[in-house]
Amino acid sequence: MKWRLTDRTKMLLKLELAITLPAVALMAFGIWNLKNMQRDKAIEAAIQQNFRHVLMIAQEKTWDKANELIEPARKQFPNVNEGEAKIKEDLNRILRENPQFAYAIVYDKNCHIFVGAIQPNRAHDEGFWEHAQEAIDNTASWLPLQAVSMSDHLRMMAEKDMHYEFYGEWTSRHRRHVYSNEVFFIPPGVGKDEAAMALLSFDQDYLQDKFFPAVIKDVLHSSMGLRKASNQPAIMVHTPRDSEPWVASANWDGGKPEVEYSSDEILQGMVWSIKYTGTTIAEMGAKFLHYNFTILGAISLLMIGGIFLTYRNISREMNLARLKSDFVANVSHELRTPLALIRLYAETLELGRLNSKEKYQEYFRIIREESERLSSLINNILDFSRIEAGRKEYEFKETDLSELVRSTLDTYRFQIEQNGFTFEENISKDIPPVNVDREAIARSLLNLVNNALKYSKDKKYLGVSLYRANGSVKLEVSDHGIGIPPAEQEKIFEKFYRCGDPLVHNVKGSGLGLSLVRHIVRAHGGDVKVESAPEQGSKFTIALPLTRAQRTGEAMA
Ligand code: ADP
């Protein structure tokens with residue numbers, strides 16, 4: 001057997017190629033991407049990179065601010081040749097005008113001058129004074145030994161427009177961390193080969209209370225871009241010996257710093273730390289991934305839903321297309337058979353060779369019945385096309401349903417009984433007038449009766465009842481025929497649908513009848529239901545609603 005693709009598999013393949021594959025690829029790529037980010041800790045790395053950048057800015061700002069404080073003082077330093085007294089006086093003046101410094105020194109190897117001065121603004125602070133004096137004495141002990149090499153070094157730096165060198169370190173004194181620091185430069189009036197040195201030292205309290213807080217504030221302000229809606233960066237400076245903040249921004253909330261940087265060019269020994277307040281980078285990374293995974297999941301679900309819906313829609317359309325082509329075949333067949341019969345019997349009659357009157361009667365009856373079948377089929381098709389085009393209009397009129405049902409059945413009674421059917425008719429007497437389209441309701445009844453006749457084998461029974469129940473009028477048509485399997489009981493009301501039973505396919509039909517019945521009944525505000533069991537028979541019930549007045553009348557009765 002040659003293997004061929006059915007339309008359905010073709011459709012599935014196309015759907016697969018056009019929608020499912022790209023969708024799956026997209027989802028897989030999204031997951032792969034996020035997994036990679038998770039594995040490489042890409043988000044964490046990006047934030048750390050930003051933090052590192054902020055700490056670099058902090059270094060630059062420290063330089064700028066220190067420079068602003070050092071340069072004016074440096075330029076006022078006295079000439080080494082002016083004599084010790086004048087030098088001392090000048091140093092005291094400089095210190096008084098620049099309270100950020102703790103002490104100042106001028107040293108000249110040639111003239112054997114070593115002048116030290118302590119911040120006069122803090123003359124009353126004994127501890128401060130003592131510590132400054134100690135530092136000066138200490139410097140006096142090593143500076144003469146280093147002055148030559150240091151002067152050479154500074155001269156070299158001056159060529160690059162750098163006029164001072166900074167030195168700072170943490171020491172312990174009385175169990176306290178103390179920051180010793182000195183700025184070295186060559187004072188004015190020093191000859192080319194002479195070894196002379198000037199020195200300034202920042203007051204530690206000034207650094208802690210004013211200098212670093214100002215720099216930190218400035219840095220945080222200029223790194224606004226790093227702020228997240230709820231998280232702000234916090235910065236602190238601590239000693240290399242412990243991780244207790246020495247100076248911290250107001251929003252520093254403890255915890256482990258994310259990135260640290262030790263300054264090594266200016267104010268050496270300070271360790272800068274940065275983190276986000278209230279969260280860690282790891283937490284933020286996890287949150288970001290979680291959020292993205294959730295969104296990806298939701299989108300994937302939407303996509304799957306979309307694909308499923310598309311698939312369902314397409315297969316429904318395909319089913320309909322198949323049913324339509326069956327319909328065309330069925331209808332052509334249905335038109336042809338009665339026409340052929342009519343022609344055959346008419347021709348026989350025309351020849352006038354029949355010998356009995358009964359035969360003539362029978363042939364006329366067959367011709368009438370076949371033409372009735374033709375017109376009911378054509379009426380169904382016309383109705384159907386009107387409904388499909390949305391042009392079907394109903395003429396509602398107050399109608400006596402008992403009379404309508406009885407007269408419709410009367411025209412068929414003979415035919416029904418001729419076909420060997422037991423016919424039971426039950427019409428209640430209390431049926432109030434109902435607003436209906438006469439012709440449409442009659443056609444619905446005929447369709448149901450016709451089906452009962454068509455789909456019965458040996459147990460030939462037809463029952464029609466009309467009665468009043470639960471605020472509506474019910475019209476029931478039952479048979480003891482082949483029945484309908486439960487799975488198909490809803491589908492038979494769809495257009496073109498015909499049951500899979502082989503017997504059904506031997507019976508002529510278009511699959512339109514019940515869909516018309518349902519449309520008509522619904523247009524009347526009612527509904528049609530079926531109760532059926534295979535081989536047991538079927539019962540179709542049309543329920544037409546009564547008016548409110550009729551219903552309340554019923555309730556009171
Ligand atoms: P058709 O022209 O095929 O009769 P209908 O819309 O009237 O179209 O009915 C749809 C299908 O429902 C039929 O093909 C048949 O399979 C099933 N059906 C309808 N009425 C009955 C019945 N009384 N007993 C068994 N099957 C029925």
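The basis for the numbers below is simple: all heavy atoms, side chains too, and nothing from hydrogens, waters or symmetry mates.
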>> Under the criterion side-chain hydrogen bond (donor to acceptor under 3.5 Å, both in side chains), I'd like the reasoning laid out for His163 against Glu71: C-alpha separation, chi angles, the key distance, then a yes or no.
In response: CA-CA 9 Å; His163 297 286; Glu71 276 304 71; 5.4 Å; no

One pair to check against side chain to side chain contact (heavy atoms under 4.5 Å, CB included): Phe128 and Ile118. What are the steps and the verdict? CA-CA 9 Å; Phe128 173 85; Ile118 300 176; 4.0 Å; yes

* Asked: Going through the distances and angles, do Gln133 and Asp137 end up as a side-chain hydrogen bond (donor to acceptor under 3.5 Å, both in side chains)?
  -> CA-CA 6 Å; Gln133 189 58 57; Asp137 294 347; 3.1 Å; yes

Let me see the working for Glu490 and Arg518 under salt bridge (Lys or Arg N to Asp or Glu O under 4.0 Å), right down to the final yes or no.
CA-CA 11 Å; Glu490 188 45 41; Arg518 182 158 77 175; 3.2 Å; yes

**Q.** Pair Val517-Phe493, side chain to side chain contact (heavy atoms under 4.5 Å, CB included): steps then yes or no
**A.** CA-CA 8 Å; Val517 172; Phe493 294 101; 5.7 Å; no

message = Using side chain to side chain contact (heavy atoms under 4.5 Å, CB included), reason through Ile216 and Trp252 one step at a time and then give a plain yes or no.
response = CA-CA 11 Å; Ile216 287 176; Trp252 184 267; over 6 Å; no

Practice prompt. Decide yes or no on salt bridge (Lys or Arg N to Asp or Glu O under 4.0 Å) for Asp203 and Arg122, but give the supporting numbers first.
Written response: CA-CA 10 Å; Asp203 174 5; Arg122 308 245 338 232; 2.6 Å; yes

Exercise for review: Would you sort out whether Arg241 and Ser172 count as a side chain to side chain contact (heavy atoms under 4.5 Å, CB included), showing the intermediate values?
Suggested key: CA-CA 10 Å; Arg241 303 173 182 218; Ser172 283; 3.2 Å; yes

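When all heavy atoms are compared, the tightest approach of Asn251 to Thr277 is O-CG2, 2.5 Å. Considering all non-hydrogen atoms of both residues, Met303 and Ala23 come closest at SD-CB, 3.2 Å. Heavy-atom minimum distance, Ser201 versus Glu182: CB-CG, 4.3 Å. Closest approach of Ala543 to Ser472, counting heavy atoms only: CB-OG, 4.3 Å. Looking at every heavy atom in both residues, Pro78 comes nearest to Pro187 through O-CB, 4.2 Å. Of all the heavy atoms in Arg155 and Gly191, the pair that sits closest is NH2-O, 3.1 Å.
Of the possible donor and acceptor atoms, one in the side chain of Gln208 sits under 3.5 Å from a partner among the backbone N and O of Trp246. Between the side chain of Lys529 and the backbone N or O of Ile542 there is no donor-acceptor pair closer than 3.5 Å. A donor-acceptor distance shorter than 3.5 angstrom exists from the side chain of Gln489 to the backbone of Ile484, with no hydrogens or angles considered. Although no hydrogens or angles enter the test, the distance criterion places no donor-acceptor pair under 3.5 Å between the side chain of Glu44 and the main chain of Ile281. Looking at Glu258, its side chain never comes within 3.5 Å of a backbone N or O of Ile274 through a donor-acceptor pair. A donor-acceptor pair under 3.5 Å is formed between the side chain of Lys275 and the backbone N or O of Gly254. Although no hydrogens or angles enter the test, the distance criterion places a donor-acceptor pair under 3.5 Å between the side chain of Asn79 and the main chain of Asn81. Between the side chain of Asp253 and the backbone N or O of Gly278, at least one donor-acceptor pair lies under 3.5 Å.
Put simply, CZ on Phe212 and CG on Asp218 are 13.5 Å apart, with the number rounded to the nearest 0.5 Å. The distance from the CG atom of Leu199 to the CZ atom of Phe114 is 7.5 Å, given to the nearest 0.5 Å. Note that CG of Leu200 is 10.5 Å distant from CG of Leu69, once rounded to the nearest 0.5 Å. Put simply, CD on Glu97 and CG on Asn121 are 10.0 Å apart, with the number rounded to the nearest 0.5 Å. The CD atom of Gln232 sits 13.0 Å away from atom OG1 of Thr279, with the distance rounded to the nearest 0.5 Å. The CD1 atom of Ile43 sits 4.0 Å away from atom CG of Leu289, with the distance rounded to the nearest 0.5 Å.
A salt bridge is absent between Lys61 and Asp64; no separation between the charged side-chain nitrogens and carboxylate oxygens falls under 4.0 Å.
At a threshold of 4.5 Å between non-hydrogen side-chain atoms, the residues Trp63 and Phe166 do not count as touching. Leu267 has its side chain within reach of Tyr179: a pair of non-hydrogen atoms, C-beta onward, lies under 4.5 Å apart. Side-chain atoms of Phe211 and Gln100, non-hydrogen and from C-beta on, never get closer than 4.5 Å to each other. Under the 4.5 Å side-chain criterion, counting only non-hydrogen atoms from C-beta, Met270 is in contact with Trp170. Taking the side chain as every heavy atom from C-beta outward, Lys392 and Asp383 approach each other to under 4.5 Å. Taking the side chain as every heavy atom from C-beta outward, Arg93 and Asp90 approach each other to under 4.5 Å. Looking only at side-chain heavy atoms (C-beta outward), Ser222 and Ile57 come within less than 4.5 Å of each other. Taking 4.5 Å as the limit, every side-chain heavy atom of Met157 sits out of range of all side-chain heavy atoms of Phe185.
Residues Tyr164 and Phe184 keep their aromatic ring centres 6.0 Å or farther apart. The distance between the ring centers of Tyr394 and His524 falls below 6.0 angstrom. For Phe101 and Tyr206, the distance between ring centers is not under 6.0 angstrom.
Side-chain contact annotation: Asn138 with Glu134, donor-acceptor N/O pair under 3.5 Å absent.
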